[in-house]
Amino acid sequence: MILVTGGAGFIGSHVVDRLISEGHDVRVIDNLSSGDESFLNRDAEFIKGDLRNYHVAEMALRDVEEVWHIAANPDVRVSSQRPEEIYENNILATYNLLEAMRKRGVDRIIFTSTSTVYGEAKKIPTPEDYPTVPISVYGASKLAGEAMIASYCHTFDMKSWVFRFANVIGRRSRHGVIYDFIIKLKRNPDELEILGNGEQNKSYIYIDDCVSAMFHAVRNAGEAVNIFNIGSEDQVKVRRIAEIVCEEMDLNPVFRFTGGERGWKGDVPVMLLSIERLKSLGWRPDYGSEEAVRKTVQDLLNEGII
Ligand code: NAD
């Protein structure tokens with residue numbers, strides 16, 4: 001049995017689909033705080049539960065051999081407004097899970113970390129061995145998760161795969177810049193508010209590439225702790241994302257920029273990850289950032305998100 005935490009969320013539900021298509025028995029634990037029950041694969045066992053409670057984590061791990069720990073509060077903006085929420089859902093929940101794994105003898109964990117652990121890296125593209133100096137509470141919470149996982153692997157003979165994602169986008173995504181733009185334009189097609197000056201320049205990876213990268217790494221890397229960046233090989237500016245959304249929605253609104261180089265406190269304005277480590281194992285992304293953005297707009301419009 002494989003346990004997927006956050007398996008009713010955007011990335012988690014795609015991981016669950018892939019595991020089930022490969023014939024695995026899958027259990028999902030999710031508190032549905034940002035997940036959606038309709039994303040859940042019907043062949044997965046579902047526990048509606050909260051990992052902030054240790055006993056829930058221990059119960060979910062019964063007969064489990066491997067954990068994909070994807071549950072978290074993924075919102076960088078929330079992390080500057082309510083740090084406690086980030087601490088509880090990202091750090092405490094990860095600690096509870098690791099402790100429950102130790103007690104139950106479960107020794108394999110896959111963890112979804114983030115590019116924000118690097119903070120404002122001066123080296124672009126940023127490789128995995130670049131210093132980690134997060135500038136958001138969210139980035140710090142993920143780095144804390146990575147550190148706890150590495151220590152449990154070395155202390156209690158576990159194995160881990162840690163993935164530092166660029167912006168992941170695609171079917172079922174319900175947060176982030178593309179989702180925000182579409183919602184705003186559905187409400188007011190004449191004007192689009194863009195957070196920051198629109199020059200933020202980041203890398204976006206399509207969900208299918210993200211899932212294929214994770215599975216490739218888990219199959220092909222076997223150290224005690226395996227850390228990989230996962231992203232596409234180029235960037236796209238926020239202003240260009242706004243243009244693509246408008247093109248796909250056939251709208252021509254006035255752009256209103258809130259100004260400043262960041263969209264919000266803790267926003268890293270320039271991000272591109274080096275993916276050479278994963279490429280050396282034979283993986284390549286199928287889509288660049290702009291293509292991923294356009295496909296995602298089409299996906300979300302087809303899903304009828306509002
Ligand atoms: P999401 O919000 O769709 O998924 C998170 C899921 O975790 C949700 O279903 C939510 O209900 C669940 N959850 C949250 N707190 C929980 C708790 N205490 N107990 C049980 N379930 C809980 O977000 P996502 O975009 O799919 O992100 C998935 C993971 O990938 C997160 O760990 C996130 O930090 C990481 N990540 C995402 C991106 C991205 O661009 N989407 C980038 C970097 C890292």
Side-chain angles (χ1 to χ4, degrees), residues 3-17 27-41 44 46-57 59-60 67-79 84-97 100 109-118 134 136-146 149 162-180 202-207 209-211 213-214 228-232 267-268 271 273 289 292-293 296 305:
L3 179 70
V4 180
T5 76
F10 162 45
I11 298 171
S13 65
H14 286 280
V15 166
V16 171
D17 289 346
R27 182 179 297 146
V28 167
I29 180 163
D30 197 301
N31 66 1
L32 298 180
S33 55
S34 59
D36 185 328
E37 229 170 324
S38 72
F39 296 166
L40 268 174
N41 190 303
F46 178 50
I47 300 174
K48 182 167 185 262
D50 198 312
L51 291 166
R52 289 175 292 186
N53 180 330
Y54 170 79
H55 300 288
V56 170
M59 187 255 302
V67 177
W68 289 66
H69 180 33
I70 301 176
N73 185 325
D75 197 326
V76 179
R77 257 179 285 180
V78 166
S79 81
E84 195 179 335
E85 227 174 273
I86 299 295
Y87 162 73
E88 288 181 354
N89 289 292
N90 299 5
I91 301 182
L92 179 62
T94 302
Y95 166 74
N96 284 340
L97 190 66
I109 181 166
I110 291 94
F111 180 60
T112 50
S113 186
T114 159
S115 63
T116 62
V117 296
Y118 299 114
S136 63
V137 174
Y138 168 74
S141 74
K142 287 289 178 172
L143 189 56
E146 288 192 17
I149 288 169
V162 168
F163 298 123
R164 295 174 177 165
F165 293 154
N167 292 306
V168 186
I169 54 176
R171 304 181 300 288
R172 305 178 193 154
S173 65
R174 293 293 182 271
H175 59 95
V177 61
I178 299 171
Y179 182 77
D180 281 355
K202 308 189 204 188
S203 161
Y204 292 78
I205 180 165
Y206 193 63
I207 182 68
D209 277 337
C210 175
V211 171
M214 286 192 272
F228 290 98
N229 287 338
I230 293 183
S232 59
D267 184 24
V268 176
M271 181 269 288
L273 299 175
S289 288
V293 168
T296 299
I305 53 171

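This one's a predicted model, so the numbers in the text were calculated from it and none came from an experiment. All values below were derived from every heavy atom in this structure, side-chain atoms included, with hydrogens, water molecules and symmetry-related copies excluded. In listed order, ligands and their atoms are each counted from 1.
The closest donor-acceptor contact from the side chain of S289 to the backbone of Y204 lies under 3.5 Å. Here the side chain of N90 pairs no donor or acceptor atom with the backbone of A72 at under 3.5 angstrom. Side chain of D50 to backbone of N31: no donor-acceptor contact under 3.5 angstrom is found. A donor-acceptor pair under 3.5 Å is formed between the side chain of T5 and the backbone N or O of A71.
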- Would you check, one step at a time, whether the test side chain to side chain contact (heavy atoms under 4.5 Å, CB included) holds for M59 with I47? CA-CA 10 Å; M59 187 255 302; I47 300 174; 4.2 Å; yes
- Task: Please assess L32 against F46 for the test side chain to side chain contact (heavy atoms under 4.5 Å, CB included), listing each intermediate value before the final yes or no.
- Result: CA-CA 11 Å; L32 298 180; F46 178 50; 4.1 Å; yes
- Residue pair S115, R164: steps toward the side chain to side chain contact (heavy atoms under 4.5 Å, CB included) verdict: CA-CA 5 Å; S115 63; R164 295 174 177 165; 5.7 Å; no
- Item | S34/H175 under side chain to side chain contact (heavy atoms under 4.5 Å, CB included): CA gap, chis, key distance, verdict | CA-CA 9 Å; S34 59; H175 59 95; over 6 Å; no
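Contact analysis leaves S13 out of contact with ligand 1, as no non-hydrogen atom separation drops below 4.0 angstrom. Distances from ligand 1 to the non-hydrogen atoms of S173 include no value under 4.0 Å. No heavy atom of F163 sits closer than 4.0 Å to any atom of ligand 1. At a 4.0 Å cut-off, not a single heavy atom of A93 sits close enough to ligand 1 to count as contact.
Of all protein heavy atoms, the one closest to atom 15 (N) of ligand 1 is N89 OD1, 3.5 Å. Protein heavy atom in closest approach to atom 43 (C) of ligand 1: F165 CB, 3.5 Å. Counting protein heavy atoms only, atom 19 (N) of ligand 1 is closest to L51 N, 3.0 Å. The single protein non-hydrogen atom nearest to atom 40 (O) of ligand 1 is V168 N, 2.8 Å, given as residue, atom name and distance. Protein heavy atom closest to atom 4 (O) of ligand 1, with residue, atom name and distance, is G9 CA, 3.7 Å. Among protein heavy atoms, the minimum distance from atom 1 (P) of ligand 1 is reached at S34 OG, 3.8 Å. For atom 7 (O) of ligand 1, the closest heavy atom belonging to the protein is A71 CA, 3.3 Å. The protein non-hydrogen atom at the shortest distance from atom 42 (C) of ligand 1 is A166 O, 3.5 Å.
Interface atoms of ligand 1 facing G49, defined by a heavy-atom separation under 4.0 Å, are 19 (N), 20 (C). For ligand 1, the atoms closer than 4.0 angstrom to any heavy atom of A72 are 5 (C), 7 (O), 14 (C), 31 (C), 32 (O), 34 (O). Near A8, meaning under 4.0 Å from any of its heavy atoms, are these atoms of ligand 1: 9 (O). Taking a cut-off of under 4.0 Å to the non-hydrogen atoms of S33, the atoms of ligand 1 that pass are 10 (C), 11 (O), 13 (N), 14 (C), 15 (N). Remark: ligand 1 atoms within the under-4.0 Å shell around heavy atoms of L32 are 11 (O). Each of the following atoms of ligand 1 lies closer than 4.0 Å to a heavy atom of D50: 17 (C), 18 (N), 19 (N).
A salt bridge does not link D17 with R171: none of the charged nitrogens is closer than 4.0 Å to a carboxylate oxygen. A salt bridge does not link E37 with K48: none of the charged nitrogens is closer than 4.0 Å to a carboxylate oxygen.
In terms of polar-atom proximity, Y138 is counted as a contact of ligand 1, with an N or O under 3.5 Å from an N or O of the ligand. For ligand 1, one of its N or O atoms has an N or O atom of I70 under 3.5 Å away. In terms of polar-atom proximity, G35 is counted as a contact of ligand 1, with an N or O under 3.5 Å from an N or O of the ligand. Between N167 and ligand 1, no N or O atom pair is found at a separation short of 3.5 Å.
Atom 11 (O) of ligand 1 has its nearest heavy-atom neighbour, among T94, T114, D30, in D30. Among R174, H175, K142, the residue whose heavy atom lies closest to atom 25 (O) of ligand 1 is H175. The closest non-hydrogen atom to atom 20 (C) of ligand 1, taken over N31, I11, I205, comes from N31.
Using the six-membered ring where Trp is involved, H14 and F10 have ring planes that are perpendicular, over 60° apart on the 30 and 60° scheme.
No option in T94, T116, I86 other than I86 meets the side-chain contact (heavy atoms from CB on, under 4.5 Å) test with S141. Just one residue in the list P74, S203, C210 forms a side-chain contact (heavy atoms from CB on, under 4.5 Å) with F165, and that residue is C210.
Using a 4.0 Å cut-off between heavy atoms, S113 contacts ligand 1 through its backbone alone, with no side-chain atom that close. Of the heavy atoms in T5, none comes closer than 4.0 Å to ligand 1.
Across all non-hydrogen atoms, the minimal contact from F39 to A8 is CD1-O, 3.4 Å.
Summarising the geometry, atom CE belonging to M214 is positioned 9.5 Å from atom CD1 belonging to I110; distances are rounded to the nearest 0.5 Å.
By the neighbour-count criterion of 12 heavy atoms within 6.0 Å, atom OH of Y54 is densely surrounded, having more than that number from other residues, nucleotides or ligands.
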